[in-house]
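I have placed the structure first, in the form of structure tokens, so that the comments after it can refer back to it.
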Number of protein chains: 2
Amino acid sequence: MGDAVDVVLAQWRRERPDLDAWPMGVIGRISRLSRLLDRELKDFFADHGLERWEFDVLATLRRSGPPYELTAGALNRAAMVTSGAITNRIDRMAAKGLVQRIPDEEDRRSVRVRLTEPGLAKIEELVDLHVANEVRLLAALAPEQRDQLADTLRTLLESLGDTPPE
Amino acid sequence: MGDAVDVVLAQWRRERPDLDAWPMGVIGRISRLSRLLDRELKDFFADHGLERWEFDVLATLRRSGPPYELTAGALNRAAMVTSGAITNRIDRMAAKGLVQRIPDEEDRRSVRVRLTEPGLAKIEELVDLHVANEVRLLAALAPEQRDQLADTLRTLLESLGDTPPE
DNA sequence: TGCTGTTATCTCAATGTTGAGATTATCAAT
DNA sequence: ATTGATAATCTCAACATTGAGATAACAGCA
């Protein structure tokens with residue numbers, strides 16, 4: 001009956017009764033949940049010899065469909081990190097043999113990053129387990145609750161400009 | 001009518017019709033929202049000469065009530081970071097004069113971190129603006145939506161063990 | 001008093017991200 | 001063709017966090 005954020009809100013009510021801090025009940029919880037879920041996912045991937053960001057890159061390429069390749073730019077937009085971070089990630093995954101860089105003939109500024117055979121095998125092996133793990137993490141929600149939650153979060157994302165590329 | 005996560009889900013449906021990836025509609029959105037909100041808050045605090053983590057430390061001390069002091073351990077539990085990170089943060093904030101370290105007489109392993117006069121002034125100056133900024137970020141939600149959202153997120157947090165200290 | 005286990009904080013090397021700048025390539029318009 | 005603006009990627013120094021280990025202090029109990 002109450003989480004850590006309830007305590008925070010109660011403290012503000014006591015210390016600053018004039019302040020209505022309700023937004024913290026939403027934003028604070030999103031932040032904390034994100035952190036907790038990150039930890040859980042990290043543990044899961046560690047058990048399978050991957051970093052979370054490696055899985056994300058593999059999954060992004062896999063779901064883009066054959067030939068399982070995207071430009072570096074598309075990958076960094078998907079991951080919401082800077083270009084420097086993506087260069088670094090691709091370097092390391094290429095060294096591990098999970099992806100390969102392919103020069104783009106059409107636009108020679110671009111690099112296409114393609115899933116290798118082992119990379120494809122890895123994501124195929126893990127994606128079902130990953131989804132099952134996520135189902136476990138959300139087990140506390142009733143089916144209608146989770147649909148409603150997804151809808152509300154979508155509304156928020158749209159209002160913050162999280163619109164698909166094209 | 002659709003955010004970046006809807007695209008991800010549609011891709012999985014096309015590529016792997018056998019896989020029901022619904023949890024990504026929740027966990028993916030929580031991750032993305034957390035990142036987007038972080039950026040917004042970062043911009044806001046930058047306009048006021050603070051890092052986000054500095055504000056968090058000030059706010060945690062302020063809402064704990066007079067004499068506005070907590071142990072380093074309490075601060076790192078609140079911030080969900082490791083002890084090394086808190087040591088570093090306190091060092092820098094003490095150098096800026098926002099907090100001061102006070103040896104704990106009762107338990108000499110502990111350090112109490114106390115808001116200085118300038119630190120208190122800073123948080124008092126910013127907290128209302130911060131809440132107003134958060135209200136702005138959540139403006140897309142109707143009042144019942146945000147209450148329901150907060151409730152659902154609380155359910156999730158509790159199920160993941162995010163329970164208050166004592 | 002002396003042990004043993006636990007707790008609080010700090011230290012520090014390893015690691016990863018950011019953010020700005022450099023490089024190279026493309027595009028639009030003249 | 002040439003110029004200027006824009007775009008894609010890579011480079012790299014600065015910075016912050018993690019995670020493991022060190023240090024010091026407390027607590028319970030024989």
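Residue numbers start from 1 in every chain, and the chains themselves are labelled A, B, ... in the order their sequence lines are given, proteins ahead of strands.
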Heavy-atom contacts under 4.0 Å between residues 93-108 of chain A and DNA chain C, which residues?
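When residues 93-108 of chain A is checked for heavy atoms under 4.0 Å from DNA chain C, the hits, listed by number, are A:Glu106, A:Asp107, A:Arg108.
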Can you sort out which residues in residues 49-75 of chain A have a heavy atom within less than 4.0 Å of DNA chain C? Ascending by number, please.
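Those residues whose heavy atoms fall under 4.0 Å from DNA chain C, taken from residues 49-75 of chain A, amount to none.
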Select base, sugar-phosphate, or nothing to describe what [X] touches, counting heavy atoms under 4.0 Å on all strands.
X	value
B:Thr82	base
B:Arg39	nothing
A:Arg112	nothing

Kindly write out the residues that satisfy salt bridge (Lys or Arg N to Asp or Glu O under 4.0 Å) with [X], not counting sequence neighbours, or none if the list is empty.
X	answer
A:Arg52	A:Asp38, A:Asp56
A:Arg108	none
B:Asp128	A:Arg16
A:Arg39	none

Can you tell me which residue pairs pass the salt bridge (Lys or Arg N to Asp or Glu O under 4.0 Å) test with a partner in residues 83-99 of chain A, sequence neighbours excluded?
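Found A:Glu54-A:Lys96, A:Asp91-A:Arg101.
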Applying side chain to side chain donor-acceptor pair (under 3.5 Å) as the test, list every pair that has at least one member in residues 67-76 of chain A; sequence neighbours left out.
A:Glu69-A:Arg112, A:Glu69-A:Arg114
Name all pairs fulfilling the side chain to side chain donor-acceptor pair (under 3.5 Å) condition that reach into residues 139-148 of chain B, sequence neighbours left out, sorted by first residue then second.
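Checked against side chain to side chain donor-acceptor pair (under 3.5 Å) - neighbours excluded - the pairs reaching residues 139-148 of chain B are A:Gln148-B:Gln148.
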Boundaries of the chain B footprint along DNA chain C (any atom under 4.0 Å from a heavy atom):
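Reading along DNA chain C, I get C:dT7 to C:dG19.
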Taking the side chain of B:Arg109 as heavy atoms from C-beta outward, which of D:dT18, D:dT17, D:dA25 is closest to it?
D:dA25
Through what angle, rounded to 10 degrees, does the axis of the helix from C:dT1-D:dA30 to C:dT30-D:dA1 turn between its ends, using five pairs per end?
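End-to-end axis angle: 20°.
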According to ring pair (Phe, Tyr, Trp, His ring centres under 6.0 Å), does anything in residues 86-136 of chain B pair up with another residue at least two apart or in another chain? List the pairs.
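Matches after skipping sequence neighbours: B:Phe45-B:His130, B:Phe55-B:His130.
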Any side-chain N or O of A:Lys42 under 4.0 Å from OP1/OP2 of D:dG19?
yes
